[in-house]
Amino acid sequence: MTVRELDAAGITDPGLRVAYSSSRHLNARYGRTYFLATRLLPPERRPAVHALYGFARRADDIVDDLGDTATTAERSAALRALEERLDAALAGAPVSEPVVRALAHTADAYAIDPSLFRDFLVSMRADLEVTDYATYEDLRAYMHGSAAVIGLQMLPVLGTVVPREEAAPHAAALGVAFQLTNFVRDVGEDLDRGRVYLPADLLAAHGAHRDLLLWSRRTGRRDRRIVSALAAAAALTRDVYREAAPGLAMLNPVARPCIGAAFVLYGEILDAVRRDGWSSVHRRSAVPRRRRAAVAAAGVVRVTAARVGAAMRKGAA
C-alpha cells in the first residue's frame with residue numbers, strides 16, 4: 001500500500017519515498033483512529049497526511065516519551081534543534097531527518113503556511129514548562145498551537161468546495177475537539193507526565209482539583225466530584241464538535257469520508273469513557289475494534305460513491 005500511495009502522489013525520489021514511508025510507519029503505529037481514517041482518502045493524498053502526523057508525533061515524542069530519561073533542558077534543546085531543521089528544510093536546504101524532509105515537501109506541495117508549524121512548536125515548548133491551566137480560555141490559547149493548527153494544516157491537503165477561509169474555523173474547531181477528547185480520555189496518563197489539562201475552573205465548579213486527581217490516580221479510588229467534572233468536560237467537548245460539524249460539507253467530496261469517520265470515531269471515545277464510568281483517571285477507554293471496522297466499512301462505501309460521482313461529473317463535462 002505504501003508504494004501505491006507514493007506512486008499515486010508522484011513521489012519518485014528514493015530519499016523522499018523513504019522519508020514518507022517513515023512518517024507512514026509512525027501514523028500506523030501510534031495514530032490508530034487517525035490512520036484508519038486516513039485510509040479513506042484517495043491514495044495520492046495519504047502521504048501528505050502521514051507527513052503531517054509524523055512530524056507532530058516526532059515533536060510529541062521529544063516532549064512526552066515517558067521512557068526517555070532526558071531532562072527538561074535536554075528535551076527543550078532537542079525541540080529547538082528540530083525547529084531549526086524544519087526552518088532549514090522549509091527554506092530549501094537539504095535535511096536528513098525523514099519526518100522533517102517529508103513535512104517540508106508536503107508544505108511546499110500544498111502551500112501550507114509555515115507559521116502553522118511554528119505555532120505548533122510553541123505549544124510543544126509550553127508542555128515542557130506548563131503543568132496546568134487556570135481557565136478554559138487559557139487552555140484554548142494553548143490548543144491553538146497544539147490542535148487548531150493541525151486542522152488548518154490538513155485543510156489544503158483535503159481540499160474544499162468553498163473558499164478555504166470559510167472552512168478554516170471549522171477545521172480548527174475539529175482539531176480542538178479531537179484534542180479535548182484526548183484530554184478527557186487520558187487524564188491518568190497526563191497525570192503521570194505531571195500535567196492536568198482539564199482547566200482548574202472547570203474542576204473547581206464540580207468540587208474537584210489537581211490534588212484530588214492525584215489522590216485518585218495513586219489510590220485507584222473513585223470520587224463523584226471527578227466523575228462530575230469529567231462529564232462536564234465531555235459536554236464541553238461535544239459543543240466544540242458541533243462548532244466543527246458544518247465544515248464537513250465544505251470539504252472536497254473525496255475527503256469527506258475520511259474526516260467523517262474520524263469525527264464519528266473520536267466522538268465515540270467520549271461514549272467509551274462514559275461507559276467505563278468516567279474512570280479515565282485510572283484507565284484509557286477505547287472504541288471497540290468491531291465498531292471501528294464498521295465505521296471504516298461505511299466510509300469505504302461513501303468513498304466509492306464519491307469517486308463514482310466525480311467520474312460521472314467529469315464524463316458529463
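These values consider heavy atoms only, across backbone and side chains, with no hydrogens, waters or symmetry-generated copies.
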Q | Rounded distance [0.5 Å steps], OG1 in Thr237 versus CZ in Arg185 | A | 12.0 Å
Q) Do the non-hydrogen side-chain atoms of Ile226 and Val281 ever get within less than 4.5 Å of each other? A) yes
**Q.** Smallest separation among heavy atoms of Arg4 and Pro43, with atom names
**A.** NH2-CG, 3.4 Å
**Q.** Lys/Arg-Asp/Glu bridge criterion (N-O < 4.0 Å) met for Arg101, Asp13
**A.** yes
Q: Determine yes or no for a side-chain-to-main-chain donor-acceptor pair under 3.5 angstrom, with Ser76 supplying the side chain and Thr72 the backbone.
A: no
**Q.** Side-chain donor-acceptor pair present, Tyr136, Arg140, cut-off under 3.5 Å
**A.** yes
Q) So, are Arg118 and Asp87 salt-bridged, with charged N and O less than 4.0 Å apart? A) yes
Q) Is it the case that one hydrophobic cluster holds both Val130 and Ile62, taking links as side-chain heavy atoms less than 4.5 Å apart, direct or via other members? A) yes
Q) If you group Ile, Leu, Val, Met, Phe, Trp and Tyr by side-chain heavy-atom gaps below 4.5 Å, do Val157 and Met250 land in one group? A) no
**Q.** Heavy-atom side-chain proximity of Val18 to Pro98 below 4.5 angstrom
**A.** no
Q. So with a 6.0 Å cut-off around CZ of Arg221, is the heavy-atom count from everything else above 12?
A. no
Q: Verify side-chain contact (heavy atoms from CB on, under 4.5 Å) between Tyr53 and Tyr30, making sure each step is shown before the conclusion.
A: CA-CA 10 Å; Tyr53 181 93; Tyr30 297 106; 3.2 Å; yes
Q) Under 6.0 Å from the CZ atom of Arg224, do we count more than 12 heavy atoms belonging to anything else shown? A) no
Q. Are the side chains of Phe183 and Met143 in touch, meaning some heavy atoms are under 4.5 Å apart?
A. yes
Q. Is the closest side-chain donor-acceptor distance between Ser228 and His206 under 3.5 Å?
A. yes
Q.
To check you understand the geometry: which heavy-atom pair defines the closest contact between Asp132 and Arg210, and what is its length?
A. OD2-NH1, 3.2 Å
Q: Check whether any side-chain heavy atom of Asp186 sits under 4.5 Å from a side-chain heavy atom of Ser280, and report yes or no.
A: no
Q. Do NZ/NE/NH1/NH2 and the carboxylate oxygens of Glu97 and Arg58 come within less than 4.0 Å?
A. yes
Q) Same hydrophobic cluster for Leu128 and Tyr133, using side-chain heavy-atom links shorter than 4.5 Å among ILVMFWY? A) yes
Q: Decide side-chain contact (heavy atoms from CB on, under 4.5 Å) for Leu86 and Leu103; before the verdict, give the C-alpha distance in whole Å, the side-chain angles of both, and the deciding distance to 0.1 Å.
A: CA-CA 8 Å; Leu86 174 63; Leu103 181 74; 3.5 Å; yes
(Q) Hydrogens and angles aside, do Ser216 and His282 bring a side-chain donor and acceptor to less than 3.5 Å of each other? (A) yes
Q. Roughly how far, to the nearest 0.5 Å, is CG of Leu116 from CG of Leu155?
A. 10.0 Å
(Q) Strictly below 4.0 Å, N to O, side chains only: are Arg45 and Glu5 in salt-bridge contact? (A) no
Q.
Using modelled atom types and a 3.5 Å cut-off, is there a donor and acceptor pairing between side-chain atoms of Gln179 and backbone atoms of Val176?
A. no
Q: Check whether any side-chain heavy atom of Ser22 lies under 4.5 Å from a side-chain heavy atom of His25, and answer yes or no.
A: no
Q: Looking only at non-hydrogen atoms, find the nearest pair between Ser21 and Leu6 and report the distance.
A: OG-CD1, 3.8 Å
Q: Indicate, with yes or no, if Leu198 and Leu236 share a hydrophobic cluster defined by side-chain heavy-atom contacts under 4.5 Å among Ile, Leu, Val, Met, Phe, Trp and Tyr.
A: yes
(Q) When you compare the side chains of Thr135 and Asp201, does any donor N or O come within less than 3.5 Å of an acceptor on the partner? (A) no
(Q) Counting C-beta onward and ignoring hydrogens, is there a side-chain heavy-atom pair between Leu203 and Leu213 closer than 4.5 Å? (A) yes
Q. Are Leu158 and Asn252 close enough, and set up right, to give a side-chain contact (heavy atoms from CB on, under 4.5 Å), and what steps lead you there?
A. CA-CA 7 Å; Leu158 300 173; Asn252 186 310; over 6 Å; no
**Q.** Val273 reachable from Leu212 in the ILVMFWY side-chain graph, under 4.5 Å edges
**A.** yes
(Q) Within this structure, what is the CZ-CD1 distance for the pair Arg284 and Ile269, rounded to the nearest 0.5 Å? (A) 7.5 Å
Q) Side chains of Asp190 and Val196: does their closest heavy-atom pair fall under 4.5 Å? A) no
Q | Pairing of Asp271 and Arg275 as salt bridge, 4.0 angstrom limit | A | no
Q: Decide salt bridge (Lys or Arg N to Asp or Glu O under 4.0 Å) for Asp239 and Arg242; before the verdict, give the C-alpha distance in whole Å, the side-chain angles of both, and the deciding distance to 0.1 Å.
A: CA-CA 5 Å; Asp239 288 341; Arg242 282 187 279 273; 2.5 Å; yes
Q.
I need the minimum non-hydrogen distance between Ala8 and Glu44, along with the two atoms involved.
A. O-CB, 3.4 Å
Q: To the nearest 0.5 angstrom, please state how far the CG atom of Leu139 sits from the CG atom of Leu180.
A: 6.5 Å
Q: Would you kindly say whether Asn182 and Tyr197 are connected by a side-chain donor-acceptor distance under 3.5 Å?
A: no
Q: Determine, stepwise, if the pair Val49 / Cys258 fulfils side-chain contact (heavy atoms from CB on, under 4.5 Å).
A: CA-CA 11 Å; Val49 178; Cys258 165; over 6 Å; no
Q.
Less than 3.5 Å apart, any donor N or O on the side chain of Tyr20 or Thr106 sitting next to an acceptor on the other?
A. yes
(Q) To check you understand the geometry: which heavy-atom pair defines the closest contact between Leu121 and Ala59, and what is its length? (A) CD2-CB, 4.1 Å
Q: Kindly say whether Asp276 contributes a backbone atom to a donor-acceptor pair with the side chain of Ser279 at under 3.5 angstrom?
A: yes
Q: Would you check if Tyr110 and Gln153 make a side-chain contact, meaning some heavy-atom pair closer than 4.5 Å?
A: no
Q. Is a donor on one side and an acceptor on the other found under 3.5 Å between the side chain of Arg46 and the backbone of Leu41?
A. yes
(Q) With rounding to the nearest 0.5 angstrom, report the OG to CH2 distance, Ser285 to Trp278. (A) 9.5 Å
Q. Just by modelled atom types, is the Asn27 backbone N or O under 3.5 Å from a matching donor or acceptor in the His50 side chain?
A. no
Q. Any donor-acceptor pair under 3.5 Å linking the side chain of Arg292 with the backbone of Val287?
A. yes
Q | Distance, nearest 0.5 Å, that separates CG of Asp60 from CG of Asp127 | A | 7.5 Å
**Q.** Heavy-atom pair of closest approach, residues Glu189 and Arg217
**A.** N-NH2, 4.2 Å
Q) Does Arg195 come within less than 4.0 Å of Asp64, counting only side-chain N to carboxylate O? A) yes
Q. Using the ring of each side chain (for Trp, its six-membered ring), is Phe117 parallel, tilted or perpendicular to Phe55, with breaks at 30° and 60°?
A. perpendicular
